[in-house]
Amino acid sequence: MNIYVSNLAFNIQDEELKNLFTPFGTVTSSKVINDRETGRSRGFGFVEMDDDAAAKKAIQQLDQSSLDGRAIRVSEAREKPARSNNRY
DNA sequence: GTTGAGCGTT
């Protein structure tokens, strides 16, 4: 499941998200979106977990939780248009 | 040494 994490501190990195979601389940991939031009952090990122149940549980546990002094917002990420193994 | 609504560079 793809998880959208926002309201992050500017010093948070992708490894921070991985360390935050790892105890809840297996983190397949974690990435914090930084500014592509300036390279500075944008304050939000995405976390992908193998177990969707653990992901939902992690969302409920980590949403509005205090991280680096700021309450982060965790929710399910939107689905990007993918034409892989999906059937209409 | 800066800032603060949002859904990503593959």
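Chain letters run A, B, ... following the sequence lines, proteins first and then strands; every chain starts at 1.
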Please tabulate, for the side chains in residues 22-35 of chain A, all donor-acceptor contacts under 3.5 angstrom to protein atoms that are two or more places apart in sequence or on a different chain.
from, atom 1, to, atom 2, distance (Å)
A:Thr22, OG1, A:Lys18, O, 2.3
A:Thr28, OG1, A:Asp50, N, 3.2
A:Ser30, OG, A:Asp14, O, 3.1
A:Asp35, OD1, A:Glu37, N, 2.9
A:Asp35, OD1, A:Thr38, N, 2.8
A:Asp35, OD1, A:Thr38, OG1, 3.1

Does anything in residues 41-61 of chain A come within less than 4.0 Å of DNA chain B? Heavy atoms only, and list the residues if so. A:Arg42, A:Gly43, A:Phe44, A:Phe46
Value rounded to 0.5 Å, distance of CD in A:Glu48 from CZ in A:Phe21: 12.5 Å
Atom CG of A:Leu17 and atom CD1 of A:Ile12: how far apart are they, to the nearest 0.5 Å? 7.5 Å
With heavy atoms under 4.0 Å as the rule, sort A:Glu76 into base, sugar-phosphate or nothing. base
Rounded distance in Å - OH (A:Tyr4) to P (B:dA5): 11 Å
side-chain hydrogen bond (donor to acceptor under 3.5 Å, both in side chains) pairs, two or more places apart, involving residues 56-69 of chain A: A:Asn11-A:Asp68
Without decimals, in angstroms, what is the distance between A:Arg73 CZ and B:dG4 P? 16 Å
Could you tell me the separation between the CG atom of A:Asn34 and the C1' atom of B:dT10, rounded to a whole number of Å? 15 Å
I'd like to know if A:Arg40 reaches the base of B:dT2 with its side chain such that a donor and an acceptor end up less than 3.5 angstrom apart. yes
Report the distance from atom CZ of A:Arg78 to atom CG of A:Asn2, rounding to the nearest 0.5 Å. 13.5 Å
Send over the distance from A:Ile12 CD1 to B:dG8 C1', rounded to a whole Å. 18 Å
Check the distance between B:dT10's C1' and A:Arg36's CZ and give it to me in whole angstrom. 13 Å
Under 4.0 Å, heavy atoms only, any strand: does A:Ile3 hit a base, just the sugar-phosphate, or nothing? nothing
What about A:Asn2: does its side chain form a donor-acceptor pair under 3.5 Å with the base of B:dG8? yes
A:Asp68 has an atom CG; how far is it from atom C1' of B:dG4, in whole Å? 14 Å
First locate atom CD of A:Glu15, then atom CG of A:Leu20, and finally report the distance between them rounded to the nearest 0.5 Å. 12.5 Å
Map A:Asn7 and A:Ala77 onto DNA chain B by nearest heavy atom, then report which one ends up closer to the 5' terminus. A:Asn7
Among the candidates B:dT3, B:dC7, B:dG8, find the nucleotide nearest to the side-chain atoms of A:Ile33. B:dG8
A:Arg78 has its side chain closest, among B:dC7, B:dG6, B:dT2, to B:dC7
Side chain of A:Asn7, backbone of A:Ala71: donor and acceptor closer than 3.5 Å? yes
Rounded to the nearest angstrom, tell me the gap between atom CG in A:Asp35 and atom C1' in B:dA5. 14 Å
